[in-house]
Amino acid sequence: MSSLNGKSFPLQPNHSTLYYWSMIFLLSILSSLITGAWSSTSAQSWQRDSESLVVGRMYEMEHPISGSWMLRYSNLSSELSYEESDDFTNRGNYLLQYGDPETTYQLYLGNTQEIPEVVTVYTSQSGLQGTVYGMISLVLKFFGLSGSVKLNILYLLNTTLLFALLLNLCNWLKDIIGIIPAFFIFFTALQSNWILISARNLYWVPWSFLLPLTVSIFIARKVHRGEGIHKWQYVVLMGSVVFRCMCGFEFVSFVLVIAELPFVYYFLEDTSNRKRWLSLAVKAGLLMVAGFLTALIIWAVQNILAVGSLSQALSIIVSVIAKRTGAFWGPDVSSHLSAPNAAYDTSLSASRFSVILSYLGPNIRLIGSFTVVRLFLLLGVALITAWTLAFLCKKTKQIEFGYNKLLSNIPFLVISFISFLGPISWYFLASGHSYIHHSICEILLFLPCVPMCVGEICYLFYECNKSLQCLLHYRRKEQ
């Protein structure tokens with residue numbers, strides 16, 4: 001593992017975990033405050049209708065109408081849509097919306113006490129984020145904080161957690177390609193308009209996308225240092241996937257793919273222990289799939305307890321899978337959806353290849369005027385230039401240092417490519433969802449593919465500069 005300046009970064013999680021994460025969260029809070037991601041105007045309007053479902057759940061937990069908000073499972077009306085219920089008293093532990101999105105916000109903020117007659121129950125996921133943030137909101141309410149203050153604290157917490165996990169990722173990557181490229185990786189993430197807009201959103205919970213990857217990095221670093229792995233660490237890895245899926249099954253393939261990056265890297269880099277790294281990668285993959293299936297079972301049980309019917313509960317699950325992936329799609333399934341069927345018919349009739357291309361086209365701006373194609377072209381130019389100069393140094397001057405450095409960089413280049421396959425996997429498998437929800441699915445390109453590509457370009461240009469200096473130095477000596 002290399003470093004551009006030959007110095008070790010002061011944050012080393014193996015020294016003091018408490019100190020390490022304290023520094024990470026301090027830097028993350030500063031990043032949140034400096035970027036203003038937790039309070040930006042653009043973030044306020046982005047996906048506000050989806051977020052209102054979480055706000056509605058938090059309000060319900062603070063003002064339970066009947067029974068315990070933790071244990072209440074009542075029958076949803078079978079006469080209503082499988083996706084939502086207008087029955088005011090039967091809302092289970094799901095996310096929900098009081099009337100329209102703005103009314104839901106006003107209720108939580110305390111600006112109105114008039115509860116609408118229509119309460120929409122969202123059964124397309126378990127809604128764990130609503131319960132978690134609801135618990136935090138109850139604690140904040142205990143201290144007498146107003147609705148707006150509580151909401152802003154939750155926004156700041158959400159943003160800080162995302163930046164903390166990004167910083168932890170960059171701290172691992174700096175051991176691979178050096179501090180300067182790692183800095184540019186984090187800086188690129190902070191410059192991403194999509195990350196800044198989505199970071200605080202309580203519905204999508206963007207930091208949870210990186211949670212399994214964070215656990216994988218922790219496990220992989222321990223193994224690389226020669227330390228043992230405890231069973232509870234595998235449980236945490238599986239639990240992180242359960243948590244993410246219970247906040248929504250969207251992007252599950254993306255989450256599982258990028259969580260394998262540390263194991264793939266060390267499999268390629270640590271050639272003497274490849275069998276062990278392969279075993280770890282397979283074990284981690286199976287555990288994460290088990291986490292996904294566990295969340296699916298929990299959601300199924302939740303649906304059964306709510307609607308009182310196994311067949312109806314399965315209809316909810318089949319409908320959600322169908323409109324996202326196209327599997328099981330047909331008149332029998334589409335008739336259960338409350339939204340216009342034409343919207344799903346259009347999205348699911350689009351070819352998966354065309355959906356993928358829509359995320360790689362000239363209309364998708366990454367950083368400034370840079371598109372995905374331009375970024376990859378620049379990466380290709382940097383690769384060709386760096387390898388050409390290093391090869392010239394090796395052949396003409398017998399200097400193999402730069403050439404060997406580029407060879408050691410191949411594992412990072414491979415995981416950068418795999419990080420690109422993460423979002424592609426979701427665009428392909430869930431083409432129906434990806435076709436409709438461009439405003440959220442584009443974020444996947446930045447967690448962490450695009451920043452990693454920028455870091456790789458930075459690293460390659462640095463190596464180009466060193467090779468050029470060597471060639472010019474020996475040319476002057478020959479003259």
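On a predicted model such as this, the values are computed, not experimentally measured, just so you know.
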Q: Please determine, by modelled atom types, if S50 and Q47 share a side-chain donor-acceptor pair under 3.5 angstrom.
A: yes
Q: Would you name the heavy atoms of A182 and C170 that are closest together and state the gap between them?
A: CB-O, 3.6 Å
Q) Do the ring planes of W232 and F218 sit parallel (below 30°), tilted (30 to 60°) or perpendicular (above 60°)? A) tilted
Q. Is there a donor in the side chain of S32 and an acceptor in the side chain of T159, or the other way round, less than 3.5 Å apart?
A. no
Q.
Between R48 and E51, does any side-chain N to carboxylate O distance fall below 4.0 Å?
A. no
Q: Evaluate the side-chain proximity of Y155 to S39: yes if any heavy-atom separation is below 4.5 Å, no if none is.
A: no
Q: Answer with yes or no whether the side chains of Y20 and N168 bring together a donor and an acceptor at under 3.5 Å.
A: yes
Q.
Looking only at side-chain N and O atoms, does W46 offer a donor or acceptor that is under 3.5 Å from a partner on N201?
A. no
(Q) I'd like to check the side-chain hydrogen bond (donor to acceptor under 3.5 Å, both in side chains) partners of S434; sequence neighbours left out, ordered by chain and number. (A) none
(Q) Here's a test for you: under ring-ring contact (aromatic ring centres under 6.0 Å, His included), which of W426, F428, F249 qualifies with H433? (A) W426
Q: Examine the side chains of W207 and N158 and answer whether a donor and an acceptor come within less than 3.5 Å of each other.
A: yes
Q.
A side-chain contact here means heavy atoms from C-beta on lying under 4.5 Å apart; do I258 and P448 qualify?
A. yes
**Q.** S416 side chain to E456 side chain, donor-acceptor N/O pair below 3.5 angstrom
**A.** no
Q) Is the shortest distance from a Lys or Arg side-chain nitrogen in D175 or R221 to a carboxylate oxygen in the other one below 4.0 Å? A) yes
**Q.** Side-chain touch I443/W204, heavy atoms, less than 4.5 angstrom
**A.** no
Q.
Under the side chain to side chain contact (heavy atoms under 4.5 Å, CB included) test against L444, which residue among F254, Y359, F420, W194 passes?
A. F254
Q: Report yes if some heavy atom in the side chain of F25 is under 4.5 Å from a heavy atom in the side chain of L167; otherwise report no.
A: no
Q) Please, which pairs that meet side chain to side chain donor-acceptor pair (under 3.5 Å) have at least one residue in residues 234-251, sequence neighbours excluded? A) S208-R244, E250-R324
Q. Does the ring center of Y265 lie less than 6.0 Å from the ring center of F412?
A. no
